[in-house]
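Some notes on the structure that comes next.
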Amino acid sequence: MVGITSYGAYIPWHRMKREDCVKAWGGFAMPGERAVAYYDEDSVTMAVEAAMDCLTDLDSLQIDGLFFATTSSSYKEKQCAAVMAWPLNLRRDIRTADVNTSLRSGTTALALAADAVRSGTANSILVAAADCRVGAPAGMLEQQVGDGAAALLVGKENVIAEILDYYSIADELTGVWRSYDDTFLRSWEDRMVLDEGYSKIVPEVMNGLLKKCGLSPKDIAKVVFDPPGDPRRHGRAAASAGFDPAQVQDPFALFLNVGLTGCAMAPMMLVAALEEAKPGDKILFVGSGDGADAFLIQVTEAITKLGERRGIKKNVASKRVMSNYNDYLRWREIVPLEAARRPEKQHIRLSANWRERKQLLGLWGIKCRQCGTPQYDNGAATTGPIRVCASCHAQDDFDDYCFARRKATIFSYTQDNLAPVIDPPASVVLVEFEGGGRAFFDLTDRDPAMVQIGMPVEMTFRKLQHDRGLTNYFWKARPIR
């Protein structure tokens with residue numbers, strides 16, 4: 001049996017009301033709000049968050065591969081999945097791949113993972129899909145798109161949703177696109193894109209899979225597929241394929257609260273469906289873009305034993321509505337601002353980052369074998385590796401110790417209004433980890449007025465700096481969501 005063994009999701013904490021775009025530029029306001037990645041988030045950090053949610057209570061060292069799907073990669077030439085393997089604590093001898101450029105990259109990566117597991121070349125593959133796309137100001141795409149991520153673990157054991165079969169079609173119709181030189185999304189006239197593209201391709205792939213499997217629409221408990229820019233077309237596509245509204249996974253909850261999350265949209269909707277699924281349910285799952293991929297999935301009894309995940313529900317509920325549209329422009333660096341009157345940051349040290357990648361990307365520290373004291377050094381206090389235990393003074397007698405999933409509390413903090421950060425003040429905290437260990441970190445996703453000593457926090461993987469085309473990733477603390 002090959003199928004999905006776990007799932008996870010991530011939605012940024014910050015949300016922007018769509019009407020704020022209209023207040024700034026005029027025009028027509030769509031209802032609801034959209035999720036906005038913070039200035040220190042991108043597709044990589046969001047995919048890591050979703051993958052960590054997916055791997056809750058699971059041994060990451062048992063995973064044989066990581067496939068990362070996105071249309072908004074940090075790099076044109078460099079594999080992001082290899083970067084993500086470190087904060088996720090995956091083995092070195094795994095298969096990694098980036099699947100890019102199409103809105104159905106998420107479902108394409110899922111099919112590739114299922115093929116690898118079914119063929120026996122891997123026992124489990126983690127698929128993470130995330131997008132952080134930008135629509136031009138004053139356009140409808142600015143209101144429609146949102147940021148988010150989903151992760152699906154494909155394997156053979158403890159399968160919660162078996163992948164019975166799948167079917168794909170390829171098609172060429174340019175609807176939404178970006179060239180290598182484009183910052184903002186481009187789109188063509190809606191009627192052509194929807195009438196000749198989405199409204200024909202989605203029913204075609206659904207009917208093709210049903211015919212291949214010898215099924216009819218009434219055999220399906222839930223049909224899950226991503227909506228276009230006009231979500232009303234979603235229901236029409238389902239109806240033309242023969243499905244009743246009660247069978248359709250409603251996209252409006254995600255669209256009204258999050259937005260269209262690119263290649264992560266279909267996987268996120270599948271996560272939402274699995275949160276409500278019952279053993280025996282057959283799910284028809286579709287992702288579209290330059291064609292379409294369709295999967296026939298059957299939920300098993302194992303889904304009742306899956307541990308708690310943040311998933312879609314908890315991520316949607318945990319939010320802070322932005323009060324200022326200009327913050328969005330600053331975070332995306334759409335509007336240039338005066339540089340801080342401080343010395344420029346130093347260049348990223350590639351050699352040092354490579355040497356310390358386990359410590360920096362994986363958040364690994366040490367634990368004394370003699371007295372059990374954990375320690376982590378992020379360079380704030382020392383210039384070399386820790387060789388002496390801070391508690392019992394034992395020398396060079398340590399085990400590796402990971403801090404990434406450990407909760408902590410704020411031991412002390414400072415807030416600097418003059419620091420050169422995109423969203424001042426710069427909140428820096430000294431955290432004390434459960435089980436021991438203290439270290440300095442930036443505090444993100446916070447309300448500066450609410451920061452206080454003793455506040456519970458958790459660790460999150462974020463961007464620190466972009467320099468000469470390179471993105472420097474590290475860990476920050478955030479109030480527990």
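As the structure is a prediction and not an experimental result, all values here were calculated from the model.
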Does a side-chain heavy-atom distance below 4.5 Å link Thr5 with Ile160?
no
Taken to the nearest 0.5 Å, the spacing of Ser105 OG from Asp290 CG works out to 8.5 Å
Would you say the side chain of Tyr166 lies within less than 4.5 Å of the side chain of Leu296, judging by non-hydrogen atoms?
no
Show the numbers, then the answer: is there a salt bridge (Lys or Arg N to Asp or Glu O under 4.0 Å) between Lys212 and Asp165?
CA-CA 9 Å; Lys212 180 182 179 181; Asp165 210 338; 3.1 Å; yes
If you apply the rule salt bridge (Lys or Arg N to Asp or Glu O under 4.0 Å), what do you find for Asp327 with Arg330, and how did you get there?
CA-CA 5 Å; Asp327 286 342; Arg330 286 192 294 124; 2.4 Å; yes
Atom CD of residue position Glu344 - does it have more than 12 heavy atoms of other residues, nucleotides or ligands inside 6.0 Å?
no
Please lay out, stage by stage, how Arg310 and Glu275 fare under the test salt bridge (Lys or Arg N to Asp or Glu O under 4.0 Å).
CA-CA 10 Å; Arg310 283 181 175 171; Glu275 289 178 328; over 6 Å; no
I want to check something: taking the side chain as every heavy atom from C-beta on, are Met16 and Cys21 in contact at a cut-off of under 4.5 Å?
yes
Here the ring pair (Phe, Tyr, Trp, His ring centres under 6.0 Å) pairs for residues 246-285, sequence neighbours left out, are Phe285-Phe295
Return the CG to CG distance between Asp147 and Asp131, rounded to the nearest 0.5 Å.
8.5 Å
Let me confirm one number: the CD-CZ distance from Glu458 to Arg478, rounded to the nearest 0.5 Å.
4.5 Å
Between Thr444 and Asp40, a side-chain donor and acceptor under 3.5 Å
yes
Are side-chain N/O atoms of Asp423 and Tyr38 paired as donor and acceptor at under 3.5 Å?
yes
Between the side chains of Ser288 and Arg104, does any donor sit under 3.5 Å from an acceptor?
no
Measure the OG-NE2 distance between Ser74 and His466 for me, rounded to the nearest 0.5 Å.
8.5 Å
Are the side chains of Val36 and Arg332 in contact, using a 4.5 Å heavy-atom criterion?
yes
Taken to the nearest 0.5 Å, the spacing of Ile63 CD1 from Leu153 CG works out to 5.0 Å
Are side-chain heavy atoms of Thr71 and Asn100 found at a separation under 4.5 Å?
no
Are Arg462 and Asp445 ion-paired here, with the side-chain N under 4.0 Å from a carboxylate O?
yes
Quick one about Glu41 and Tyr10 (side-chain donor to acceptor, distance below 3.5 Å, no hydrogens or angles considered), yes or no?
yes
Whether the Thr300 and Glu162 side chains hold a donor-acceptor pair (N or O, under 3.5 Å, no angle test) is what I'd like checked.
no
Please check if atom CH2 in Trp188 has more than 12 non-hydrogen atoms from other residues, nucleotides or ligands closer than 6.0 Å.
no
Relative to each other, are the rings of His14 and Trp331 parallel, tilted or perpendicular (30° and 60° limits)?
perpendicular
Can you confirm whether the side chains of Asn353 and Asn472 place a donor and an acceptor under 3.5 Å from each other?
yes
Heavy-atom distance under 4.5 Å between the side chains of Leu274 and Ile283, does that happen here?
yes
Tell me the ring pair (Phe, Tyr, Trp, His ring centres under 6.0 Å) pairs involving residues 198-248, sequence neighbours left out?
Phe225-His234
Whether the Glu189 and Ser187 side chains hold a donor-acceptor pair (N or O, under 3.5 Å, no angle test) is what I'd like checked.
no
Looking at Lys200 and Glu204, is any side-chain nitrogen of the basic one under 4.0 Å from a carboxylate oxygen of the acidic one?
no
Arg95 atom CZ, neighbour heavy-atom count above 12 within 6.0 Å
no
Could you tell me the separation between the CG atom of Asp64 and the CG atom of Leu90, rounded to the nearest 0.5 Å?
10.0 Å
Going by heavy atoms in the side chains, are Leu363 and Met459 under 4.5 Å from each other?
yes
